[in-house]
2 protein chains.
Amino acid sequence: MPEKRVGLTARQQKILEELNDCPDEMSGQKLHRNLLASAANMGLTTVYRNLRTLQQKGLVRCRNLPTGETLYSPVNRDHHHLTCVDCGRTMVLKSCPIKNIQLPKAQTRNFELLFHTLEFFGLCKSCHQRQEAIEI
Amino acid sequence: MPEKRVGLTARQQKILEELNDCPDEMSGQKLHRNLLASAANMGLTTVYRNLRTLQQKGLVRCRNLPTGETLYSPVNRDHHHLTCVDCGRTMVLKSCPIKNIQLPKAQTRNFELLFHTLEFFGLCKSCHQRQEAIEI
DNA sequence: CTAATCTTGGGAAAGGTTTGCGATTTAACA
DNA sequence: TGTTAAATCGCAAACCTTTCCCAAGATTAG
């Protein structure tokens with residue numbers, strides 16, 4: 001896909017770099033701390049505002065944990081997860097199950113698709129066993 | 001699918017009823033207001049806590065708006081959305097595109113799947129046009 | 001170069017959600 | 001039915017995120 005978006009500010013580029021450099025997703029708070037540490041000083045508000053902007057440009061995606069935290073990652077990293085609704089631990093899926101899926105044209109005709117989020121929720125083995133043990 | 005979960009408290013049932021009765025998703029705040037109005041008095045904390053529990057039981061699902069609000073809906077209502085990253089408006093998808101998708105067994109062997117969220121993000125027609133106008 | 005306008009940034013405040021903790025209710029068992 | 005342990009509740013505080021508002025910087029026209 002061509003890199004058609006232009007006009008990233010210097011700080012937006014910094015944020016995007018930081019996200020790309022880190023193999024894991026990051027919360028807004030952690031991103032802020034990392035940037036402070038790496039000499040790119042930036043207010044917390046600015047971090048969140050630019051994250052929002054980057055989402056609007058289709059470059060950054062986020063997902064929400066049950067704890068209320070929001071984790072951000074670059075869109076080009078097409079990761080999805082299994083998340084345990086009990087302990088909150090997540091596993092990364094090896095591949096995107098809907099990579100080649102087509103949405104009905106009628107629904108996307110008036111909509112420029114930028115990215116998607118697909119998350120699976122359930123019980124991990126240990127939480128499941130714990131519940132079984134209690135219910136018996 | 002059989003209703004295998006048991007042991008819902010009276011308040012959890014009230015919350016579930018309220019969600020089922022309302023055709024739209026609801027925020028925690030709105031749910032709380034509705035319950036106050038319908039004589040089922042309940043603290044805000046209790047609402048959120050029980051929503052979490054209902055998620056753990058696989059009966060309720062939520063999605064997060066860019067505003068930070070969280071919207072809850074019953075899992076049996078298998079709805080997904082197109083959401084505009086600019087204006088935040090959402091459209092409901094007519095059908096679930098991954099209803100019949102199989103995850104690799106290797107990844108779900110140790111995981112009891114309860115539900116999923118699938119959300120598409122992009123630009124709605126009017127926001128897209130506005131951006132084009134600016135960029136030219 | 002200057003002035004008016006528009007965009008961007010930061011601090012403080014507000015909003016929604018979650019957590020901690022003592023008090024109350026529910027449930028189990030005798 | 002009475003006693004006791006466990007689960008649940010609600011308030012207050014904490015947390016993360018977003019919004020408000022004003023100052024600083026950039027852009028454009030004259």
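Chain A is the first sequence line, chain B the second, and so forth, proteins listed ahead of strands; every chain is numbered from 1.
Among the heavy atoms of the strands lying under 4.0 Å from A/Arg11 are primed sugar atoms or P, OP1, OP2 only; no base atom is included.
Following rounding to the nearest Å, B/Leu36 (CG) and D/dG10 (C1') show an atom-to-atom distance of 13 Å. Residue A/Leu31 contributes atom CG, which lies 16 Å from atom C1' of D/dT18 at whole-angstrom precision. What separates CG of A/Asn64 from P of D/dC15 is a distance of 19 Å, to the nearest Å. Summarising the geometry, the separation between CD on B/Gln12 and P on D/dA7 is reported as 13 Å, rounded to the nearest angstrom. Look at CG on B/Asn41: it is 12 Å from P on D/dC9, rounded to the nearest Å. When the P atom of C/dG11 is taken as reference, atom CE of A/Met42 falls 13 Å away, rounded to whole Å. Rounded to an integer number of Å, the gap from NE2 of B/His32 to P of D/dC9 is 12 Å. Going from atom OH of A/Tyr72 over to atom P of D/dC16 covers 13 Å, rounded to whole Å.
Clustering of Ile, Leu, Val, Met, Phe, Trp and Tyr by side-chain heavy atoms under 4.5 Å joins A/Leu36 with none of the others.
Comparing B/Leu44 and B/Thr67 by the nucleotide of DNA chain D that holds the closest heavy atom to each, the one mapping nearer the 5' end is B/Leu44. DNA chain C is contacted by both B/Arg49 and B/Leu71; B/Leu71 maps to the nucleotide lying nearer its 5′ end (nearest heavy atom per residue). Along DNA chain D, the nucleotide nearest A/Gly28 and the nucleotide nearest B/Gly43 are compared for position; the residue whose nucleotide lies closer to the 5' end is B/Gly43.
The side chain to side chain contact (heavy atoms under 4.5 Å, CB included) search around A/Lys125 returns A/Gln129, B/Asn110, not counting sequence neighbours. The ring pair (Phe, Tyr, Trp, His ring centres under 6.0 Å) test applied to A/Tyr72 returns no partner, not counting sequence neighbours. Residues meeting the side chain to side chain contact (heavy atoms under 4.5 Å, CB included) test with A/Thr117, sequence neighbours left out: A/Arg61, B/Glu119, B/Phe121.
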Let me check something: any side-chain donor-acceptor pairs from residues 16-24 of chain B under 3.5 Å, sequence neighbours excluded? List them with distances.
{"residue": "B/Glu18", "atom": "OE2", "partner": "B/Asn34", "partner atom": "ND2", "Å": "3.4"}
{"residue": "B/Asn20", "atom": "ND2", "partner": "B/Leu16", "partner atom": "O", "Å": "3.2"}

When you look at B/Lys57 and B/Gln12, which way does the side-chain contact (heavy atoms from CB on, under 4.5 Å) test go after all the steps? CA-CA 11 Å; B/Lys57 290 174 183 292; B/Gln12 284 162 11; 4.2 Å; yes

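Taking side-chain N and O atoms only, B/Thr9 has no distance below 4.0 Å to OP1 or OP2 of D/dT8. Contact annotation: B/Asn50 reaches the phosphate of D/dC9 (side-chain N/O to OP1 or OP2, under 4.0 Å).
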For nucleotides 12-16 of chain C, list the nitrogen or oxygen atoms of the protein found under 3.5 Å from its nitrogen or oxygen atoms, one pair per line.
{"residue": "C/dA12", "atom": "N6", "partner": "A/Thr45", "partner atom": "OG1", "Å": "3.4"}

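By the 6.0 Å contact criterion, CZ on A/Arg89 is open, its count of non-hydrogen atoms from other residues, nucleotides or ligands being 12 or less.
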